[in-house]
Amino acid sequence: MDMGNEHPSITRLREIQKEVKSIEQQVIGFSGLSDDKNYKKLERILTKQLFEIDSVDTEGKGDIQQARKRAAQETERLLKELEQNANHPHRIEIQNIFKEAQSLVKEKIVPFYSGGNCVTDEFEEGIQDIILRLTHVKTGGKISLRKARYHTLTKICAVQEIIEDCMKKQPSLPLSEDVHPSVAKINSVMCDVNKARGTLIALLMGVNSDETCRHLSCVLSGLIANLDALDVCGRTEIRNYRREVVEDINKLLKYLDLEEEADTTYAFDLGQNHSILKIEKVLKRMREIKNELLQAQNPPELYLSSKTELQGLIGQLDEVSLEKNPCIREARRRAVIEVQTLITYIDLKEALEKRKLFACEEHPSHKAVWDVLGNLSEIQGEVLSFGGNRTDKNYIRLEELLTKQLLALDAVDPQGEEKCKAARKQAVKLAQNILSYLDLKSDEWEY
């Protein structure tokens, strides 16, 4: 269409659509809640555009009416997506877990930096549990949920790091103030840094409304300036002491940039993470080996070479950088279980083959355990091939089969035979491991 001859109403609608399009990615990536300032800002912009669209005069013309309808639908779609992002059940789940972390920090950490007792094991266990639960929140690949989970994990892991770093340091001041007058000033700055550490934790966790990141950043920068201005008279031990305190302050400043960093990078998209890509490469090769084994006409020929390569894959996973990211840690843990389960499957198959070759008389109870192990080997092969979720009929069938094998083992009477007791114990452990692996395969975990 010739833009010069375009109806003014159509031109106005194009301008409005362009303005709406300019904030589309902000809406798609919005990871906050409905009471956030940015939510209200985006909602206000979109609502204003709806009013603008509604005020366009169609003059009763069909083409203008259609154009206005399309513009309104697109704006309403974004408004709806914004609302869904803020109120998604998994977004609420993330927030509820974060509130638990806030309560833990209020109860255990804030008093610690106010002169209370030391950080307890209860706090460390509690924070680990919270981190693990966050890594298991499903995002379905949705950008807003990935960002929300990443932001929350980043804050909680930062608090964990700050506390761990502080606990590693000696409780007493490293230098006596008698050494040099500047030492007293450095010691004073150290006390301020310790207070700032507590303030930073409270800020990261949103439990301090009396302080801002900007003000704390200015305070910390001022402490560095004070340290830089000190005259250490060429004393190496004082210079080193000052440098350590400056390094501590710089670490705290780094944590203040977390929010901005998370918004300006794609760190939340672990699908492109180097460590995750290495894990995926290992898993791809593991699946190829698994398929070769399960489909082979003569599997025993592949046992030795497959086990050797699988052990090599475990070595590759050990070398994966975790980047202090609990999601990467969980991804590696699960990958190790995947590979180790396949190695266990081969080990059992080899043991069963060896038993056939060297058949001999044995205790009835011991034979009963071996019969169960034979059944477990077949079931494990099916579990390795399983690719569904916990609502699948096949999942329920496999779970029932494994439960039956556990009951069969429970019914075995060792009759005082130590060898049989040990064999039954190992078989029970194997059955439980296969059950756990089935659960792991079907829990629909994602990065």
Side-chain angles (χ1 to χ4, degrees), residues 17-47 49-50 71 73-99 101 130-158 204-206 213 255 257-280 283 321-332 334 389 443-447:
Q17 283 181 295
K18 188 177 178 181
E19 289 172 25
V20 169
K21 190 74 177 173
S22 69
I23 64 165
E24 183 176 15
Q25 290 308 310
Q26 291 182 56
V27 171
I28 292 170
F30 178 75
S31 59
L33 298 163
S34 55
D35 57 354
D36 290 357
K37 286 181 181 178
N38 201 32
Y39 178 92
K40 290 177 168 47
K41 176 188 169 187
L42 291 169
E43 184 183 46
R44 188 167 59 249
I45 292 170
L46 290 169
T47 304
Q49 298 308 329
L50 270 179
Q73 286 174 339
E74 179 60 20
T75 308
E76 286 167 355
R77 180 187 68 80
L78 287 181
L79 264 171
K80 186 178 179 181
E81 181 156 0
L82 179 66
E83 184 182 353
Q84 287 175 341
N85 285 350
N87 296 289
H88 194 285
H90 292 162
R91 180 64 187 90
I92 303 302
E93 182 185 357
I94 290 168
Q95 184 62 16
N96 288 338
I97 295 173
F98 183 64
K99 283 180 180 177
I130 284 168
I131 288 170
L132 184 62
R133 284 162 56 202
L134 277 171
T135 65
H136 284 81
V137 172
K138 294 177 175 62
T139 65
K142 197 172 171 65
I143 291 175
S144 60
L145 290 176
R146 281 185 171 182
K147 285 178 75 174
R149 186 178 68 175
Y150 177 79
H151 285 180
T152 309
L153 274 169
T154 303
K155 289 177 185 176
I156 295 173
C157 288
L204 287 171
M205 297 304 295
C213 288
Y255 293 119
D257 297 330
L258 285 176
E259 281 297 314
E260 183 182 347
E261 180 186 314
D263 280 325
T264 57
T265 69
Y266 283 87
F268 64 86
D269 185 8
L270 288 179
Q272 302 304 314
N273 180 276
H274 180 66
S275 294
I276 290 293
L277 291 174
K278 283 180 75 174
I279 293 170
E280 285 293 341
L283 286 173
S321 170
L322 299 181
E323 302 175 19
K324 296 181 180 179
N325 188 314
C327 287
I328 298 175
R329 188 188 304 127
E330 177 66 7
R332 188 181 71 171
R334 296 169 79 94
N389 56 44
D443 67 2
E444 300 174 90
W445 185 79
E446 59 193 25
Y447 303 135

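None of these values were measured; they are calculated from a predicted model. Values below: all heavy atoms of this structure, side chains included; hydrogens, waters and symmetry mates excluded. Each residue takes its place number in the sequence, starting with 1.
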| query | Taking all non-hydrogen atoms of both residues, which atom of G32 and which atom of R91 are closest, and how far apart? | reply | O-NE, 3.6 Å
| said: With a 3.5 Å distance limit and no angle check, can you tell me whether T75 reaches the backbone of L46 through a side-chain donor-acceptor pair? | reply: no
| query | Do R77 and Q73 touch side chain to side chain, with heavy atoms closer than 4.5 Å? | reply | no
| task | Verify, without hydrogens or angle tests, whether T135 (side chain) and L132 (backbone) share a donor-acceptor contact under 3.5 angstrom. | result | yes
| field | Closest heavy-atom pair and its distance - L204, F98 | value | O-CZ, 4.0 Å
| request: May I have the step-by-step check of salt bridge (Lys or Arg N to Asp or Glu O under 4.0 Å) for E43 and K40, ending in yes or no? | output: CA-CA 5 Å; E43 184 183 46; K40 290 177 168 47; over 6 Å; no
| request: Output the distance between atom OG1 (T47) and atom CD (E76), rounded to the nearest 0.5 Å. | output: 10.5 Å
| said: Could you report the tightest heavy-atom contact between S31 and K147, atom names first, then the distance? | reply: CB-CB, 3.7 Å
| Sole residue of I92, V137, T152 in side chain to side chain contact (heavy atoms under 4.5 Å, CB included) with I97 | V137
| Atom of I28, atom of S144 and distance for their closest heavy-atom approach | O-CB, 3.7 Å
| task | Assess whether salt bridge (Lys or Arg N to Asp or Glu O under 4.0 Å) is satisfied between K80 and E83, documenting all intermediate values. | result | CA-CA 5 Å; K80 186 178 179 181; E83 184 182 353; over 6 Å; no
| said: Could you measure the distance from the CG atom of L42 to the CD atom of Q26? Nearest 0.5 Å is fine. | reply: 5.5 Å
| query | How long is the span from the CG atom in L134 to the CD atom in E330, to the nearest 0.5 Å? | reply | 12.0 Å
| said: So, taking the atom named CG in N96 and the one named CZ in R133, what distance separates them when rounded to the nearest 0.5 Å? | reply: 9.5 Å
| said: Just verifying a value: how many Å separate R44 CZ and K41 NZ, rounded to the nearest 0.5 Å? | reply: 8.5 Å
| remark: Tested for side chain to side chain contact (heavy atoms under 4.5 Å, CB included) against C327, the lone hit among H136, R149, R332 is R149
| note | In terms of heavy-atom contacts, G141 and R146 come closest through CA-NE, 3.8 Å
| Taking the side chain as C-beta and beyond, is there a heavy-atom pair between H90 and T139 under 4.5 Å? | no
| task | Taking the side chain as every heavy atom from C-beta outward, state whether Y39 and D35 have any pair of such atoms under 4.5 Å apart. | result | no
| Under 3.5 Å, side chain of N85 to main-chain N/O of L82, donor-acceptor pair present? | no
| Heavy-atom pair of closest approach, residues L153 and P326 | CD2-CG, 3.6 Å
| Is Q49 close to I23 at the side-chain level, that is, under 4.5 Å between some pair of heavy atoms? | no
| Quick one: NZ on K99 to CD1 on I130, what's the gap to the nearest 0.5 Å? | 13.5 Å
| query | For Q17 and E74, does a side-chain donor sit closer than 3.5 Å to a side-chain acceptor? | reply | no
